[in-house]
Amino acid sequence: MPQSPDVLDAVAVRTWCSLALEALGRERAAIDAINVYPVADGDTGTNLYLTVESAAAAVEAVFAAHETGSTVPGPADAVRAMAHGALIGARGNSGTILAQLLRGMAGVLAESGDASHLRTALTEAAAAARLAVAHPVEGTVLTVATAAAEAAGSAPDGARLRDVLDAAYEGARTALAATPGQLAVLGRAGVVDAGGQGLVTVLGALLEAAGGRPRERAVPAAPDVLPLTGDCAEADPEGGPAFEVIYLLEAPDEAVARLRSRLDALGDSLVVVGGDGLWNVHVHVDDAGAAVEAGVEAGRPYRIRITHFAADRVRAGKDPVQRAVVAVVPGDGLSELCTEAGATTVLARPGEPPASGELVDAIRRAHAREVVLLPNDAQLRHTAAAAAEQARAEGVRVALVPTRAAVQGIAALAVHEPGRSFDEDVVAMTAAAGATRYAELAVAERQSWTMAGICQAGDILGLIDGDVAVIGADVPGTARTVLDRMLSAGGELVTLVLGQDVPDALADELGEHVREGYLAVDTVVYRGGRQAAPLLIGVE
């Protein structure tokens with residue numbers, strides 16, 4: 001049992017995130033099962049889990065930055081990191097609203113985490129969440145958040161932190177139990193609001209982090225049949241918007257005000273959260289392209305996710321396929337390539353490695369009895385192992401092929417044959433990946449020591465099998481040297497993956513270099529799109 005702090009300090013925030021993630025991990029499937037509003041797509045628990053996972057990772061990063069010193073982060077740093085992590089990792093309607101709730105709390109708790117400030121924080125959070133939703137509806141997570149704030153405010157003067165939290169938690173539970181009587185679709189299904197249930201779980205974790213009594217973890221049973229009419233018309237592909245569009249947006253406040261009006265006219269379930277130039281946008285529309293274009297007019301949208309509700313419903317109704325491949329890819333170009341080869345992909349954006357929850361989500365989307373998981377990054381081995389373990393607990397047979405680079409994943413996918421036995425397929429894919437040496441080019445950000453000597457900021461580094469082997473002045477010359485080093489041990493096929501800003505002429509030049517210097521070695525070229533490295537190289 002955590003100690004009982006008089007204030008919510010950085011350690012308590014870290015504990016809160018950890019307990020909330022653990023609780024949502026246990027309850028995710030049950031919360032998914034009661035998700036009938038605003039769309040009965042069964043992902044509220046998963047979206048909340050992924051949102052909190054991102055918040056927890058951001059808090060851990062703040063603590064990691066203090067590892068070399070003797071102090072812990074300040075509470076302001078911890079709560080702001082939590083809010084920022086939730087904002088950039090928010091998924092779905094429920095996750096986006098939770099991110100705004102955490103942001104609203106962080107704005108107050110950064111000043112102090114005592115009982116008085118906590119009351120104010122919960123009030124500010126509930127108000128901020130309502131403002132973020134274009135058309136607030138009672139009987140949802142907004143109702144539960146408001147009830148929690150009001151109950152906290154009614155706690156007697158001089159109450160301890162845990163007493164205020166206990167009042168908020170009980171107020172949220174009472175409000176949650178009443179949601180079926182406030183929203184007809186919930187009443188017909190016989191369930192409480194899924195987003196509200198998730199918020200109660202998060203508040204329960206906060207109570208426990210403050211030393212309060214453990215929360216009750218029971219989640220109402222799922223309905224036998226999900227309604228698709230009346231107040232839940234959005235769940236019907238023919239009666240509501242066909243797409244969910246989510247993206248992060250860099251834009252000024254005045255542009256976001258115009259964006260809200262435009263998106264509100266395009267669809268429903270509009271939630272725009274954030275501030276200070278960074279926003280998370282969520283909307284359900286029929287024209288996904290128009291929703292993205294509206295973001296482009298307002299600023300710079302990125303991390304764009306588009307979900308087709310009808311496609312997901314059809315997939316959910318079908319029997320699972322026998323086998324699938326899930327691959328992490330560093331750019332949208334390789335994502336298209338792997339998708340065409342039949343893989344379900346997870347995009348690893350520069351500086352934003354996927355969390356284990358995203359990998360589990362991809363395994364679920366693959367909808368297969370057997371899954372081969374290709375992390376394609378040495379740094380993701382623990383994350384991928386955790387995702388594989390979670391999927392196995394859900395009844396999916398998962399094999400993790402320890403690919404350390406995207407070119408090894410391409411080699412493994414090239415020999416994938418669903419028709420042979422699972423074990424034989426995994427062995428063949430593992431062998432192909434293991435027979436592929438990998439390299440990448442990177443730009444040095446500062447002077448530092450490397451295995452190849454001292455590099456200066458701006459130097460081009462050639463990394464072979466993860467270690468700096470070449471320091472060069474330009475991309476073409478460094479790439480040629482790296483190829484010569486790799487091919488000196490032999491090879492039959494060179495794979496080049498070009499970044500977004502690398503000209504096609506470089507591929508032509510390197511291909512000619514290989515043909516002139518190495519007999520019977522073929523070269524294939526792919527466009528990787530927006531990826532961290534300007535060039536990836538594989539030699540099989």
Side-chain angles (χ1 to χ4, degrees), residues 7-8 12-13 15-17 19-20 23-24 27 31 44-45 48 51-52 55 79 82-83 86 93-109 113-133 136-157 159-183 186 192-220 271 273:
V7 297
L8 198 66
V13 171
T15 303
W16 175 22
C17 290
L19 290 172
L24 287 171
E27 300 173 8
I31 295 175
T44 292
L48 289 170
T51 302
V52 173
V79 295
M82 173 188 67
N93 191 306
S94 54
T96 308
I97 293 174
L98 177 61
Q100 187 71 346
L101 288 168
L102 295 178
R103 179 180 171 82
M105 293 184 69
V108 178
L109 294 177
D114 61 21
S116 176
H117 280 78
L118 178 64
R119 284 190 177 97
T120 304
L122 290 169
T123 300
E124 291 292 326
R130 284 185 177 271
L131 288 174
V133 177
V137 174
E138 296 305 326
T140 65
V141 62
L142 299 176
T143 305
V144 176
T146 299
E150 291 174 349
S154 66
D157 293 337
R160 296 173 301 172
L161 180 70
R162 60 185 288 184
D163 295 329
V164 173
L165 283 170
D166 187 73
Y169 177 61
E170 289 302 324
R173 289 184 64 224
T174 300
L176 176 67
T179 56
Q182 296 175 291
L183 200 54
L186 301 178
V192 297
D193 179 66
Q197 177 68 59
L199 179 58
V200 168
T201 299
V202 172
L203 288 175
L206 177 55
L207 173 60
E208 191 170 354
R213 59 174 175 76
R215 60 208 175 282
E216 294 182 14
R217 298 187 175 119
V219 179
V271 185
V273 305

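- Closest approach of Y169 to L207, counting heavy atoms only: CD2-CD2, 3.8 Å.
- Inter-residue side-chain proximity for T143 and Q182 is flagged as met; some heavy-atom pair is nearer than 4.5 Å.
- The shortest side-chain heavy-atom distance between V52 and L98 falls under the 4.5 Å cut-off.
- To the nearest 0.5 Å, the span separating CG on L206 from CG on L122 amounts to 7.5 Å.
- Here the side chain of W16 pairs a donor or acceptor atom with the backbone of V202 at under 3.5 angstrom.
- Checked options V141, D193, L176, L48; the residue passing with L199 is V141 (criterion: side-chain contact (heavy atoms from CB on, under 4.5 Å)).
- The shortest distance between side-chain heavy atoms of L109 and L8 falls below 4.5 Å.
- The minimum heavy-atom distance linking V164 with A159 is given by the pair CG2-CB, 4.1 Å.
- Distance alone, capped at 3.5 Å, is enough to place a donor-acceptor pair between the T201 side chain and the Q197 backbone.
- With hydrogens and angles disregarded, a donor-acceptor distance shorter than 3.5 Å links the side chain of R119 to the backbone of A152.
- For the atom pair CD1 of I97 and CG of L142, the computed distance is 5.0 Å after rounding to the nearest 0.5 Å.
- Of all non-hydrogen atoms in L161 and G113, the two that sit nearest each other are CD1-O, 3.6 Å.
- Taking CZ of R173 as the start and CG of L203 as the end, the distance is 12.0 Å to the nearest 0.5 Å.
- When all heavy atoms of T44 and I31 are compared, the closest pair comes out as CG2-CG2, 4.0 Å.
- Across every non-hydrogen atom of A149 and A126, the tightest pair is CB-CB, 4.4 Å.
- At a threshold of 4.5 Å between non-hydrogen side-chain atoms, the residues R130 and T146 count as touching.
- Contact detail for A55 and M82: the closest heavy-atom pair is CB-O, 3.4 Å.
- Under the 4.5 Å side-chain criterion, counting only non-hydrogen atoms from C-beta, L118 is in contact with M105.
- Here the CG atom belonging to D166 is positioned 5.5 Å from the CD atom belonging to E170, to the nearest 0.5 angstrom.
- For the atom pair T140 OG1 and L183 CG, the distance stands at 7.5 Å (nearest 0.5 Å).
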